[in-house]
Amino acid sequence: RTPSAAERVWLRARLRAAFPETDAGRFADAWFAQREERPDTAIARYRALLARSPRVLPALLNLAALVEDPAERVASY
């Protein structure tokens, strides 16, 4: 974890490129979709990651922040 936004972007870009099939790479891919304001893509990618690895807490939190239906937010947890 880093407080630097620029370093966070750099690290996630490296993870996405070097390890696309890992949880870290998949999370980075979803995170970039969210950052690029493609919420439908980000939601789909977070859900796919959580279906594979339900204990990736950052993905769960980011998904809950993206969904619009309050009932779905609670169900995400």
Side-chain angles (χ1 to χ4, degrees):
R1 179 136 172 95
T2 178
S4 167
E7 188 175 359
R8 193 174 313 123
V9 170
W10 181 83
L11 287 169
R12 290 186 176 150
R14 298 275 300 167
L15 287 170
R16 180 173 66 167
F19 308 103
E21 298 302 317
T22 66
D23 290 346
R26 291 171 193 263
F27 174 80
D29 192 41
W31 183 85
F32 272 104
Q34 182 177 359
R35 185 173 188 271
E36 294 164 357
E37 297 184 11
R38 295 182 291 133
D40 292 339
T41 301
I43 288 169
R45 290 179 181 169
Y46 284 131
R47 285 184 175 149
L49 170 57
L50 290 166
R52 172 187 160 122
S53 300
R55 294 185 179 198
V56 180
L57 185 59
L60 188 61
L61 295 173
N62 287 2
L63 175 60
L66 281 171
V67 295
E68 293 182 18
D69 181 7
E72 191 175 355
R73 282 189 198 140
V74 173
S76 293
Y77 288 102

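Keep in mind that this is a model prediction, so the values were computed, not measured.
- Here the CG-CG distance, from Asp29 to Leu49, works out to 10.0 Å after rounding to the nearest 0.5 Å.
- By the rule that hydrophobic residues join a cluster once side-chain heavy atoms approach within less than 4.5 Å of another member, Leu57 and Leu15 end up as members of separate clusters.
- Between Glu21 and Arg26 there is a side-chain heavy-atom pair separated by less than 4.5 Å.
- Contact detail for Val56 and Leu50: the closest heavy-atom pair is O-CD2, 3.7 Å.
- Scored by the side chain to side chain contact (heavy atoms under 4.5 Å, CB included) test, Asn62 finds Phe27, Trp31, Gln34, Tyr46 as partners (sequence neighbours excluded).
- With sequence neighbours excluded, no residue forms a salt bridge (Lys or Arg N to Asp or Glu O under 4.0 Å) with Glu37.
- Using a 4.5 Å cut-off between side-chain heavy atoms of Ile, Leu, Val, Met, Phe, Trp and Tyr, with links allowed through other members, Leu11 and Val9 fall into different hydrophobic clusters.
- A distance-only check finds a donor-acceptor pair linking the side chain of Ser4 to the backbone of Glu7 [under 3.5 Å].
- Every side chain to side chain contact (heavy atoms under 4.5 Å, CB included) that Pro39 has, sequence neighbours left out, goes to Leu66.
- With sequence neighbours excluded, no residue forms a salt bridge (Lys or Arg N to Asp or Glu O under 4.0 Å) with Arg14.
- The hydrophobic cluster containing Leu60 also contains Val67, counting ILVMFWY residues as joined when their side-chain heavy atoms lie under 4.5 angstrom apart, directly or transitively.
- Remark: Arg52 engages Asp23 in a side-chain hydrogen bond (donor to acceptor under 3.5 Å, both in side chains) (not counting sequence neighbours).
- Scored by the side chain to side chain contact (heavy atoms under 4.5 Å, CB included) test, Ala33 finds Arg38, Thr41, Ala42, Arg45 as partners (sequence neighbours excluded).
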